[in-house]
Asker: 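Below is one structure. I have some questions about it.
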Amino acid sequence: MISVEEARAIISGTIKDFGISSVDLDDAVGRVLREDFSADRDFPPYNRVTMDGIAIHTDSFEPGKAFPIAGVAAAGAPQLSLQSTEHCLEVMTGAILPTGCNAVIRYEDLLISEGTAQVQLEKVNPGQNIHDKGEDRLEGSLVVKSGRVLSPAEIGVAATIGKAMIKVSRLPETIIISTGDELVTVDQQPLPYQIRRSNVHRLKATLKQFNIEAATEHLVDDLDVVTNRLKAIIEEKELILLSGGVSKGKFDYLPEALDRLGVKKLFHRIAQRPGKPFWFGQAPNGALVFALPGNPVSSFMCTQIYLLPWLKSCLGLPASPQPFGVLQKDILFKPDLTYFAQVKITYDKAGKILAHPVEGNGSGDLANLVDADAFIEIPRGKNEFAAGEIYPLHFYR
Ligand code: AMP
Ligand code: MG
């Protein structure tokens, strides 16, 4: 059995880059960019009118002056030219500024009648209501650097520079496998000695947050069946998430099956509660095997504490900052294990994070997870933990 710290270090040692894939612009939000975005033209690409109104040249402006309207420049129309500075052109937001003009006056500041626009302003400044060509970014300049997590803001920029396909971190080919003869599918009515396979769906939901569409499968508790099926799966998949079958029960065949297949055990069992039976290893072809405990709370906690930080690093997502919470109730915990206690979170007036233990009935009590928000990491080395003490928090919502 190894410590939580050792387990974290071993898992970190297997962090790898799954490479780059190209995705459609509309599927790229939340992904990690793996190319630079440079401006393919100036931003904006032409002197852009920013208000509906008229364009004039300020040299011929005087307060109260009326300009005959010589034409209309719509957005999307080629550039017009003002032939005489005594005239004006009507211009619409988004239109290219006509040549010979250097200012735009809003309709709100005009009186228009019989083809003439009379200006109601005392002063007109050169450049007003014009978004200058290249004012925001120049052609060729870097707009978004590789490594950025794409938010809707970056998607807008990508569209503007004509990126229909975007290079992002490739996601690992992933499968989630449940084991156990007591498990039935969600749509089945379980017999009195059966339960529904919740871990699979919970894991699938977790991975969906990273845009990973994992395959799912169920294996019965039979050493040969498990071994044969895993053999094929290891060849196809890069990330294999198993649940159940790694404890000390008679039908917990996974460690033996994985051993037969040459999957290198990097550790089995961590000095922690919940989640002690966690088995972790790597196949000769590099496929990673997270064999999580079957108990729903254990499996959930191992996913949050070990799998997700690893996955984030592999994909180039930033690590979450480490928050700390103030324990709100004494905890007595005697085993020499790191204790990941479930806590409900509130905040005091100063914004301090308060962690209220929500005890529940142990690692099978998945309903208790609904009442809590995070795990608080209570270290080994002592038995009594007093209200007011501060420990690391691992939020799951
Ligand atoms: P095991 O590690 O296979 O001994 O399983 C430990 C406990 O977790 C047993 O009570 C199982 O019924 C339960 N369990 C295993 N897999 C799942 C699953 N996919 N969904 C819900 N409970 C499970
Ligand atoms: Mg089992």
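These values consider heavy atoms only, across backbone and side chains, with no hydrogens, waters or symmetry-generated copies. Both ligands and their constituent atoms are indexed starting at 1 by order of listing.
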Asker: Pull out every atom of ligand 1 sitting under 4.0 Å from any heavy atom of S243, numbered as shown with elements.
Answerer: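 Those atoms are 16 (N), 19 (N).
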Asker: Just wondering, more than 12 heavy atoms not from E114 lying within 6.0 Å of its CD?
Answerer: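 Atom CD in E114 is not packed in, count stays at 12 or less.
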Asker: For atom 21 (C) of ligand 1, which candidate among S298, G364, S198, G180 provides the closest heavy atom?
Answerer: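 Considering heavy atoms of S298, G364, S198, G180, the nearest to atom 21 (C) of ligand 1 sits in S198.
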Asker: Between K250 and E256 (salt bridge meaning N to carboxylate O under 4.0 Å), is one present in this structure?
Answerer: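 Salt bridge absent between K250 and E256.
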Asker: Could you tell me whether some N/O pair between S178 and ligand 1 is separated by less than 3.5 angstrom?
Answerer: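 Not met; the criterion fails.
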Asker: Enumerate the residue pairs fulfilling side chain to side chain donor-acceptor pair (under 3.5 Å) with a member in residues 62-74, sequence neighbours excluded, ordered by first and then second residue.
Answerer: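 As it turns out, the side chain to side chain donor-acceptor pair (under 3.5 Å) pairs with a partner in residues 62-74, which skip direct neighbours, are K65-E86.
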Asker: Can you report which non-hydrogen protein atom sits closest to atom 4 (O) of ligand 1, along with the distance?
Answerer: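 Among all protein heavy atoms, the one nearest atom 4 (O) of ligand 1 is D252 OD1, 3.7 Å.
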Asker: Check the side chains of R48 and T93 for a donor-acceptor pair under 3.5 angstrom, ignoring hydrogens and angles.
Answerer: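 Their side chains do not contain a donor-acceptor pair, so the 3.5 Å distance test is not met.
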Asker: Are more than 12 heavy atoms from other residues, nucleotides or ligands located less than 6.0 Å from atom CD of Q194?
Answerer: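 Check passes, neighbour count above 12.
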Asker: Does the pair D373/K344 count as a salt bridge with the N-to-O cut at 4.0 Å?
Answerer: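 Yes, D373 and K344 are salt-bridged.
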Asker: Which atoms from ligand 1 have a heavy atom of G245 less than 4.0 Å away?
Answerer: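 Listed by number with element, the hits are 1 (P), 2 (O), 3 (O).
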Asker: Does ligand 1 come near enough to I195 that some N or O of the ligand is less than 3.5 Å from an N or O of the residue?
Answerer: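 N/O-N/O distance under 3.5 Å: no.
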Asker: Which of parallel (below 30°), tilted (30 to 60°) and perpendicular (above 60°) describes F61 and F67?
Answerer: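 Rings of F61 and F67: parallel, under 30°.
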Asker: Between the side chains of S21 and R170, is a donor N or O closer than 3.5 angstrom to an acceptor N or O?
Answerer: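 R170 and S21 do not have a side-chain donor-acceptor pair below 3.5 Å.
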Asker: Please indicate whether any nitrogen or oxygen in L183 is less than 3.5 Å from any nitrogen or oxygen in ligand 1.
Answerer: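 Not met; the criterion fails.
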Asker: Ligand 1 versus S247, non-hydrogen atoms closer than 4.0 Å: side chain, backbone, both, neither?
Answerer: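 Side chain only.
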Asker: So which protein heavy atom does atom 10 (O) of ligand 1 come closest to, and at what separation?
Answerer: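 Of every protein heavy atom, N295 OD1, 4.3 Å lies nearest to atom 10 (O) of ligand 1.
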Asker: I need the nearest protein heavy-atom contact for atom 12 (O) of ligand 1: residue, atom name and distance, please.
Answerer: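 Result for atom 12 (O) of ligand 1: E182 OE2, 2.4 Å.
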Asker: Using a 3.5 Å cut-off on N or O atoms only, is R197 in polar contact with ligand 1?
Answerer: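 No, since none of the N or O atoms of R197 sits under 3.5 Å from an N or O of ligand 1.
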Asker: Considering heavy atoms of the protein only, find what lies nearest to atom 19 (N) of ligand 1 and give residue, atom and distance to 0.1 Å.
Answerer: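 In this structure, atom 19 (N) of ligand 1 has N199 CB, 3.3 Å as its nearest protein heavy atom.
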Asker: If every non-hydrogen atom of H268 is compared with every non-hydrogen atom of P255, which pair is closest and at what distance?
Answerer: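 Looks like CE1-CG, 3.8 Å.
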Asker: Could you find the nearest protein heavy atom to atom 5 (O) of ligand 1 and give me its residue, atom name and distance?
Answerer: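 That would be G294 CA, 3.7 Å.
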